[in-house]
Amino acid sequence: MLKRGSTILSIWSGINFLLAASILTSVVVFNADSPILLLVFERSEIASLDARVIESLNALTILYNSCSVVLSVLVWLLIRKSLIAGQQWSFWALLFVIGFVEVMAFIASAPIGNARWQVNVVQSVLYVVGIGLSGCSLFRPKRQAL
């Protein structure tokens, strides 16, 4: 069960990394605007926004997604090196770190009409299943041989 849980958490990390890296690449390399603009505003509303508002949103997008890329890599390393080896401290670290990120994702999306709810739900399901399987494996009482 620990291997399955670790694999599912690794998938969480991979999806998080790919999404954040693609958004970061589009905004930084291709000078695109934050994708959240199109999720929240109509094109006519975007055209009427002050350029500083759009630049501020792009700056926050760069900051968030750069942190998300790094978090994904660190979480993946923690899963592959420590969790899979059965180190219980890594379970608690992942429980709180990924759990915090998942809760904050829903809180952040609420004021903008839960614009990315599909991603939040998929990521949360992967997290709950992965951490649940890992926890069951790590903390299940061991059977004594008679």
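In this structure, CG on Leu49 lies 7.0 Å from CG on Leu37, to the nearest 0.5 angstrom. Interatomic distance, Gln87 CD to Leu138 CG, rounded to the nearest 0.5 Å: 10.0 Å. Atom-to-atom distance recorded for Leu19:CG and Ser68:OG is 8.0 Å, nearest 0.5 angstrom. To the nearest 0.5 Å, the span separating SG on Cys67 from CD1 on Ile62 amounts to 12.0 Å. Annotation: the span from Phe91 atom CZ to Leu78 atom CG amounts to 12.0 Å, rounded to 0.5 Å. In this structure, CD in Gln123 is found 6.0 Å from CG in Leu126, a value given to the nearest 0.5 Å.
Under a hydrophobic-cluster definition in which Ile, Leu, Val, Met, Phe, Trp and Tyr are linked whenever side-chain heavy atoms come within less than 4.5 Å, directly or via other members, Trp76 and Val73 are assigned to the same cluster. Hydrophobic clustering (side-chain heavy atoms under 4.5 Å, transitive across Ile, Leu, Val, Met, Phe, Trp, Tyr) keeps Ile84 apart from Val97. Residues Val70 and Val28 are members of separate hydrophobic clusters, defined by side-chain heavy-atom contacts under 4.5 angstrom among Ile, Leu, Val, Met, Phe, Trp and Tyr. When hydrophobic clusters are built by joining Ile, Leu, Val, Met, Phe, Trp and Tyr residues whose side-chain heavy atoms come closer than 4.5 Å, directly or via intermediates, Leu74 is not grouped with Leu94. Ile112 and Val27 end up in different hydrophobic clusters when Ile, Leu, Val, Met, Phe, Trp and Tyr side chains are linked at under 4.5 Å.
Distance alone, capped at 3.5 Å, is enough to place a donor-acceptor pair between the Asn58 side chain and the Ser34 backbone. Ser90 places a side-chain N or O within 3.5 Å of a backbone atom of Leu83 that can act as its donor or acceptor partner. A donor-acceptor pair is defined here as one N or O able to donate and one able to accept, closer than 3.5 Å; no such pair exists between the side chain of Tyr64 and the backbone of Ala59.
Sorted by first then second residue, the salt bridge (charged side-chain N to carboxylate O under 4.0 Å, His left out) pairs that include residues 43-69, not counting sequence neighbours, are Asp50-Arg52.
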Could you walk me through whether Ser6 and Arg80 pass the side chain to side chain contact (heavy atoms under 4.5 Å, CB included) check? CA-CA 8 Å; Ser6 296; Arg80 302 320 294 166; 4.2 Å; yes
Might you work through the side chain to side chain contact (heavy atoms under 4.5 Å, CB included) test for Ile15 and Val119, ending with a clear yes or no? CA-CA 9 Å; Ile15 291 171; Val119 173; 5.7 Å; no
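Enclosure of atom CZ in Phe139 by more than 12 non-hydrogen atoms of other residues, nucleotides or ligands within 6.0 angstrom is indicated. Within a 6.0 Å radius of CD in Glu42, no more than 12 heavy atoms belonging to other residues, nucleotides or ligands are found.
Annotation: side chain of Ser137 is not in contact with side chain of Arg4 (no heavy-atom distance under 4.5 Å). Between Tyr127 and Val122, the closest side-chain pair of non-hydrogen atoms is not below 4.5 Å. Counting only heavy atoms from C-beta outward, the side chains of Thr61 and Ile23 approach each other to under 4.5 Å. For the pair Ile8 and Ile131, the minimum side-chain heavy-atom distance is 4.5 Å or more.
For the side-chain contact (heavy atoms from CB on, under 4.5 Å) with Trp12, the qualifying choice from Val75, Thr7, Val129 is Val75, the only one to do so.
You'll find the ring centres of Phe96 and Trp89 outside the 6.0 Å limit.
Of all heavy-atom pairs between Ala20 and Asn65, the closest is CA-OD1, 3.4 Å. Nearest heavy atoms, Ser72 versus Ser13: O-OG, 2.6 Å. The two residues Ser109 and Asn120 make their nearest non-hydrogen contact at OG-ND2, 3.2 Å. Listed here is the closest heavy atom pair of Cys136 and Arg140: O-CB, 2.9 Å. Listed here is the closest heavy atom pair of Ala115 and Leu39: CB-CB, 3.9 Å.
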